[in-house]
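What follows is a set of notes on a single structure, which appears directly below.
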Amino acid sequence: MKKILGKSILLLCALLFLLPILLTVLHSFGTQSVDAENFRLTSLVPSGFSLVGYYDLLIEHFYVLRNFWNSVFYACSITCLNIVVSVPAAYAFSQARFKGKELLFFFYIMLMMMPLQVTLLPNYIGLRDMKLLDTPFAIVLPSVFAPFSMFLLTQYMKGLEQSYMEAALLETKSVFRIMLQMIVPQLRTCILAVFVFVFAEYWNMVEQADIYLKKETLKPLSGLLAIGEGLTTSEVLAGSVIFMIPIVILYLYFHDSLEVGLESMKL
Amino acid sequence: MKTKKAANIIFAVFFTVMLLLTLFAKDLYHLTLPKVAVEKVTRQVFPAEVTGPDGMVYETRRTVPAISKKALHGDIVYAVNETEDGAFLVENFVTTGEALEDIIEIKGGVLTGTKVIIGSDRQIGPGQQVLITEWDESVALHTARELGEDMEGYAAEMRNCLRNDIFYIVGVVVASVVVVLLCRKFCKGRLRLLKVPVLILWCILVCFFLRATIVLPGEWIPDKLIDWDGWKVNMERYPF
C-alpha cells in the first residue's frame with residue numbers, strides 16, 4: 001500500500017513537472033485555445049488540431065529561422081571553444097604545481113558562484129571598449145571563458161590515478177602530449193557531460209543577447225521567444241516546441257555519458 | 001543503441017527540415033530576384049516648331065509622354081505589373097519619337113504613369129518576377145554594361161568580381177573536400193547514419209550558394225527554386 005502511495009506521489013510530481021511541456025506541445029497544435037491578449041490558456045486541452053502556428057512561424061516569418069540558426073551557431077561555437085579552453089585550464093589546476101594555485105582556483109569558483117547579472121555590466125563595459133558590442137563576439141567571447149566546465153573537469157581530473165601521470169612523465173616531458181594522449185581519452189564521458197551542460201546553458205541564454213546585441217539579425221531564438229515581439233501566442237508555443245527539439249536530441253545522444261559523467265564527478 | 005538510432009533519425013530529419021525551410025524561405029527567395037530600378041512614364045516638355053499663317057516658323061513647346069533612354073531595349077520597354085504575389089515584367093513594344101538629352105518621346109505602347117524598368121542588376125525577360133529597388137551600384141553597373149557605356153571603375157569592379165568568383169569557387173571546393181574527409185573520419189560506427197544526411201545537407205548548401213551568388217549567370221537560373229512551370233520555361237530558353 002505504502003509502495004503504491006509512494007509511486008503515486010512520485011507520478012504526480014513527475015506529471016506536475018511535465019505539465020508545462022505537455023501544455024506547450026498540445027497547445028502549439030491547437031486552435032483558439034489561447035487568449036492572445038492575456039496570454040492565458042482558455043482550456044486545458046485544445047479544441048481542434050491546427051498547424052497554423054508552425055506555418056506562420058516557419059514560412060511567414062523568415063527571421064525566426066535566422067534566429068534559430070543564430071542559436072545553433074552560438075551554442076555550438078561557445079560549447080566547443082569553452083571545452084577547448086577548459087581542458088588545459090583544468091589540467092593545470094589539477095596536475096600542475098605552482099604558487100597561488102589554490103587562491104586562483106578559489107577566485108574561479110567565486111566567479112562561478114556569482115549570478116550572471118553581476119558580471120553583465122563589467123562584460124558590457126569591456127565589450128563596448130573593445131568595440132565588440134552588436135557583434136557575435138559579444139556573445140561568444142565572454143562565454144568561452146565561463147568557469148563552470150573548467151570546475152567540473154578539474155574535479156574529475158583530480159580523481160585520476162596519479163601513477164598513470166608518473167608513468168607518462170617517464171615517457172615524455174611534453175605536457176601537451178600527456179594531456180592530449182593520456183588525459184583527454186580518459187575524460188571522454190566527462191567532456192560529453194560538460195558538452196551537454198554548456199550547450200543547454202547557452203542554448204537557453206536570454207540576458208546576454210538582450211544586453212549585448214541590439215541588432216535583431218544577430219539575436220538567438222531564445223531571446224526572440226522570451227520577448228515574443230511580433231509573434232502571436234500560437235507562434236510562440238510552436239517556437240518553444242521547435243526550440244526544445246535540439247536539447248532533446250542532445251539528451252538522447254548523450255544521456256549515457258551524462259549519467260556516467262555526473263557519477264564520476266560525484267555530483 | 002535504439003535511442004541513439006532514434007536520435008540520429010530525429011537529428012537528420014529535424015535539421016534537414018529546418019535547413020530546407022531556411023533555404024526555400026520566401027524572404028530568402030526575394031533576395032535572389034533581379035533587382036530593378038523603375039521610373040514612371042511622365043509627360044515632359046519638348047521643343048517644337050510650328051509654321052504660322054504667315055509662313056514663318058515659330059519655336060514653341062509641346063508636352064508629350066517620355067521615358068529615360070535607359071528604359072529602351074531596342075523597341076521594347078519592360079513595364080512592371082505589381083500584383084499581390086510580387087512585381088512581374090510585361091514586355092511592351094513602343095513607338096518612339098524625338099530624343100532630348102537622356103529622355104525620349106513615346107508615341108505609343110505605354111501609357112503615362114506606367115512604371116518602366118530603367119536598370120537591373122542582371123539580364124531580365126518578360127514574365128520574370130523582380131524586386132523593385134532604388135538605383136544602386138549593382139543596378140548601375142549592369143545597366144552600364146548592357147548599354148555599352150564606359151563607366152569609371154567598371155573594369156576594376158569586374159576584375160574584382162572575377163577574383164571573388166575564383167576565390168569562392170576554390171573555397172567551396174576546399175570546404176567540400178574537408179567535409180567529405182571529416183565524414184569519412186568521424187561518421188563511423190554509431191554515427192555512420194549521419195554520413196548521408198550530412199553530405200546531402202552539404203550538397204544543398206553548395207547548390208544554394210552557387211544559386212544565390214556568382215557562379216552562374218542570372219539568366220541561366222530559373223526564377224524560383226521550386227517552380228516547375230518556371231523550370232520548364234527556363235529550360236526552353238536554353239540553347240540546346
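First the proteins, then the strands, lettered A, B, ... as listed; each starts at 1. Values reported hereafter were calculated over all heavy atoms of this structure, with side chains retained and with hydrogens, waters and symmetry mates removed. Keep in mind that this is a model prediction, so the values were computed, not measured.
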Could you give me the CA-CA distance, side-chain angles and deciding distance for B:Met18 and A:Ile242, then say whether side-chain contact (heavy atoms from CB on, under 4.5 Å) is met?
-> CA-CA 10 Å; B:Met18 292 305 279; A:Ile242 289 166; 3.9 Å; yes

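Between atom CZ of residue B:Phe11 and atom CD1 of residue A:Ile245 there is a gap of 13.0 Å, rounded to the nearest 0.5 Å. Going from atom OG1 of B:Thr22 over to atom CG of A:Leu58 covers 8.5 Å, rounded to the nearest 0.5 Å.
Only the side chain of A:His255 comes within less than 4.5 Å of a heavy atom of chain B; its backbone N, CA, C and O stay farther away. A:Val72 touches chain B through its side chain: at least one heavy atom from C-beta onward sits under 4.5 Å away, while N, CA, C and O do not.
Atom CD of A:Glu171 sits in a sparse spot, with 12 or fewer heavy atoms from other residues, nucleotides or ligands closer than 6.0 Å. Around CZ of A:Phe176, the count of heavy atoms belonging to other residues, nucleotides or ligands within 6.0 Å does not exceed 12. Heavy atoms from other residues, nucleotides or ligands lying under 6.0 Å from CG of B:Leu111 number 12 at most. Summarising the local packing, NZ of A:Lys214 is surrounded by more than 12 heavy atoms from other residues, nucleotides or ligands at distances under 6.0 Å. Within a 6.0 Å radius of CZ in B:Phe15, other residues, nucleotides and ligands contribute more than 12 heavy atoms.
Taking A:Trp69, A:Tyr251, A:Phe254, A:Phe68 one by one and counting their heavy-atom pairs under 4.5 Å with chain B, the maximum is reached by A:Trp69.
The two residues A:Ile249 and B:Ala7 come nearest to each other via the heavy atoms CG2-O, 4.1 Å. When all heavy atoms of A:Ile59 and B:Leu21 are compared, the pair lying nearest together is CD1-CD2, 3.6 Å.
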